[in-house]
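Written below as structure tokens is the structure these notes are about.
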Amino acid sequence: MALELSQKALDSERRLRSLLDNTVDGILTLNPSGKILSVNRAICLIFGQSEADMVGQHMGMLLPAASAHPQQGVDAFLQAQAVGIDGVGRRVEGVRASGTRFPVDMAVSSMALNGQTQFIVVLRDLSAQESAEKAIREAQRQLNEVDEMRRVIVHNAPYAIFVLNTQGVIQTVNPAGEKMLGVKAQDLVGRCTARRFFDADQVADRARLLALRLNEPVRELDVLTHLAHESPGLPSEWTLRRDDGSFLMAEITVTELSNEYGRYSGYLAMAYDVTSRHDAENQLQHMAQHDALTSLPNRNMLQEQLKACMNQAERYGRHMAMMFLDVDRFKKINDGLGHNVGDSVLIEIARRLRTGMRTSDIVARLGGDEFVILLPQIAAVEDGERVAQKVLDLFADPLRIGAHELRVTPSIGLAIYPEHGADTVTLMRHADLAMYQAKNNGRNRVQVYSDKMQAPSAETLVLENDLYKALERDELRLHFQPQFDCATGRISGAEALLRWEHGGKLVPPSDFIPMAEETGLIVAMGEWVLRRACIMAQQWRERSGWPLRVAVNLSAVQLDQADIPGLVAQVLKETGLPPTALELEITESVVVRESLRAADILTQLRAVGVSIAIDDFGVGYSSFAYLRELPVDRLKIDRSFLSSIPDSPGDSRLVAALIAMGQRLEVGIVAEGVETPEQAAFLITHGCDEAQGYHLGRPMNEAAFEALLMEHSREQALKPAAAPETKPVAPEFMPTDPDLAPADPTLIA
């Protein structure tokens, strides 16, 4: 019997032990001093300790708080712990064998065994529960924030929000809606329909067009309901009439609303006043046809006006005169006094020309220091010469620009229609030739075109002949102008600029680039530039470890070469330069003039892996539609847009709009011609991506640029990664050697 009872006791103990070892909660027994007497399997799993390592040790090895006063025993430890919400458990901190601390729920009871008090401690790992609780609290917090955000957004939204019932009666309107329509909410809600504020003629016209498209009758209200049903969330522009009778342009989206049963209950209409956007588009249209610096008509508008005037002159048998005007030695003003003074000179010249001519005459700026004056109607050829002399007299008085008094003279070329040209191209070319002849004859004079001007000068022929041998004589040079990341001030790239070292001096690019294009030499020279730029960029990337990007310009002549994508791929392969480190720049005029071919060529170039930039962005063209069609990575804002910022509010708004447009199109923006700290600060403030210009770094030869890049990369390597720069590079990065400044900032064609 005793044996049987003993066996039952052992079986019972095994079952109890098995039960304890298979519970998810950890169970351990302690003596009154906190010494561990026994542990179950769950304790080992929770704390990552073996039973042998724990038994006989103080409970503080598992619950660090118990080690604070080990001599006080278990009772004192329990009294120091906060009781849980249920009044039983206590939340304490445990420590695993790895040292990781985690939350633990602890329940303690005592018992007497063989006259000795023992404590039974049940521990539960709360890590998962605590994470879930945090997630719930965070979710609830976010829901509360979203609800509050929705309320604040609706109340403070800059666009009008209306809730309409199925009949179009206004049920709810936010403050922006009141402001847009000029009516208080109490006078709108439940009292009038949205139709009251629409232009009746526009609604009727759109209803008629919709009826024709659907081939069924359409009520006027159905125009809006159709938008909600067929095109929810798709904006459309409408003319709205405010309560005071004034009109505005609004972009409206209409969405159907459903109740809790899923039944159609009305409409949500959101309206945004885009009147200012239309004004901005009109301003951009104006800027596309006018010079940004002087507000005179630009080349594009001049050509349109010239065609119109020529048609009138041909119809009525009239004479017409065209003058090309170039400012003598203007480059010396720019180089000696700075571009700000140079721009002020151009503005004053434009003012004198406008005020000195008749209202029927047309004054335009082609770019740089070149102006055109068009006389749509003259009685005789001599009248053209007389007016040209009058223009010359406008420069008799010096120009006062700030503290400077400058004597500026022009060289004027005059061509008469139809004697000197019966079409626009011929007349402009002959006026241009006459202007160059005036310069060659001593400047500050008027030169009338003659047939003898067709032959190029001996000096030009010699220069052209020498240009053919420039490659073979190794006379071509590359200068590099650094480009900087506006957010960090770090060098992001460099633009390769072609220079010709002829007879011991650099020939201005404006003197040989057009010649190279006319003769076709630009193809071979362009290949040399591409190859040399890639070679140097790869060497610099390897030596400095800096992820340099190099920009190379492509001319219209090069784009006409069918194998240009293959050439680019071959050069990249030969030089080892990654395609992503090469950017090809194409002027906007080429893109717009040859949009279809440009799209095809640029797509092929993008397939090679290089990036595409549009140079001289925004100058002289009335449509930016090509931005939607062409593969473009970056837009380079022409320096003429920056010349008056931040002093000119109009120019500042325009540059900010161009930057914002680039961000909206997800196209990088590079600002050219940054020449003052104020311009750099303005670009940073408005989120421009990159910048280049004399304030940041002048074009420099290869050795100087390499020294700059190596120094820059070393300095950046010493900077902590967590403290990026927030402004463009400091002036000390600008080259101080005047020989590094380009003879002319004209880029490689």
Side-chain angles (χ1 to χ4, degrees), residues 5-144:
L5 290 174
S6 176
Q7 185 61 40
K8 288 181 177 180
L10 289 173
D11 291 343
S12 176
E13 182 179 352
R14 281 195 297 270
R15 284 194 297 273
L16 178 61
R17 181 67 183 182
S18 176
L19 177 65
L20 293 177
D21 282 341
N22 287 280
T23 60
V24 295
D25 294 331
I27 302 173
L28 55 82
T29 58
L30 307 170
N31 66 11
S33 65
K35 181 179 179 181
I36 300 174
L37 301 177
S38 65
V39 298
N40 70 341
R41 183 182 178 188
I43 286 289
C44 299
L45 296 175
I46 291 172
F47 290 92
Q49 301 272 13
S50 67
E51 180 179 359
D53 291 335
M54 291 183 284
V55 173
Q57 301 297 321
H58 190 269
M59 65 183 294
M61 75 175 296
L62 305 180
L63 307 174
S67 299
H69 303 286
Q71 67 279 6
Q72 295 180 358
V74 177
D75 283 332
F77 167 66
L78 295 177
Q79 292 173 5
Q81 308 308 310
V83 179
I85 297 177
D86 55 7
V88 178
R90 292 170 169 83
R91 182 163 292 192
V92 296
E93 186 180 63
V95 60
R96 306 188 199 277
S98 63
T100 305
R101 294 178 180 264
F102 63 100
V104 177
D105 182 71
M106 179 179 69
V108 183
S109 60
S110 61
M111 67 177 183
L113 183 63
N114 298 326
Q116 298 291 327
T117 299
Q118 291 187 6
F119 292 92
I120 300 174
V121 181
V122 180
L123 302 176
R124 176 171 295 177
D125 187 346
L126 298 180
S127 299
Q129 178 181 333
E130 186 177 72
S131 297
E133 291 173 352
K134 286 182 178 179
I136 292 172
R137 289 194 299 270
E138 178 62 20
Q140 186 60 50
R141 184 189 65 78
Q142 292 180 2
L143 287 174
N144 293 339

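For this chain, numbers begin at 1 and follow the sequence in order. Note that these values count all heavy atoms, side chains included, but never hydrogens, waters or copies made by symmetry.
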D105 with R91: basic N within carboxylate O range, under 4.0 Å: no

CD (Q118) and CG (N31) are apart, to the nearest 0.5 Å, by 8.0 Å

Ignoring hydrogens and geometry beyond distance, is a side-chain donor-acceptor pair present between T117 and S110 at under 3.5 Å? no

Decide side-chain contact (heavy atoms from CB on, under 4.5 Å) for L123 and F47; before the verdict, give the C-alpha distance in whole Å, the side-chain angles of both, and the deciding distance to 0.1 Å. CA-CA 10 Å; L123 302 176; F47 290 92; 3.8 Å; yes

How would you list, by chain and number, every residue that makes a side chain to side chain contact (heavy atoms under 4.5 Å, CB included) with S109, sequence neighbours excluded? I120

Do S38 and L28 come within less than 4.5 Å of each other through their side chains, counting heavy atoms only? no

S131 side chain to S127 main-chain N or O, any donor-acceptor pair under 3.5 Å? yes

Would you say Q116 and P32 make side-chain contact, with heavy atoms under 4.5 Å? no

Do N40 side-chain atoms and I27 backbone N/O form a donor-acceptor pair below 3.5 Å? yes

Report the distance from atom CD of E93 to atom CZ of F102, rounding to the nearest 0.5 Å. 9.0 Å

What do the steps show when you test I36 against H58 for side-chain contact (heavy atoms from CB on, under 4.5 Å), and what is the final call? CA-CA 6 Å; I36 300 174; H58 190 269; over 6 Å; no

Can you tell me how far apart CE (M106) and CZ (R90) are? Round to the nearest 0.5 Å. 6.0 Å

All pairs passing ring pair (Phe, Tyr, Trp, His ring centres under 6.0 Å) where residues 118-138 contributes a residue, at least two apart: none

Could you report the tightest heavy-atom contact between I46 and G26, atom names first, then the distance? CD1-N, 3.9 Å

Drop me the distance from R141's CZ to I136's CD1, to the nearest 0.5 angstrom. 14.5 Å

Can you check side-chain contact (heavy atoms from CB on, under 4.5 Å) on M61 and Q49, steps first, answer last? CA-CA 10 Å; M61 75 175 296; Q49 301 272 13; 3.8 Å; yes

Nearest 0.5 Å, what's the OG1-CE distance between T29 and M59? 11.5 Å

L126 and R124: side-chain contact (heavy atoms from CB on, under 4.5 Å), yes or no, with the steps? CA-CA 6 Å; L126 298 180; R124 176 171 295 177; 4.2 Å; yes

Quick check: closest heavy atoms across S50 and C44, and the distance to 0.1 Å? C-SG, 4.1 Å

From CG (L62) to CD (Q57), nearest 0.5 Å: 9.5 Å

Which residue in the set K134, Q140, Q142 passes side-chain contact (heavy atoms from CB on, under 4.5 Å) when paired with E138? Q142

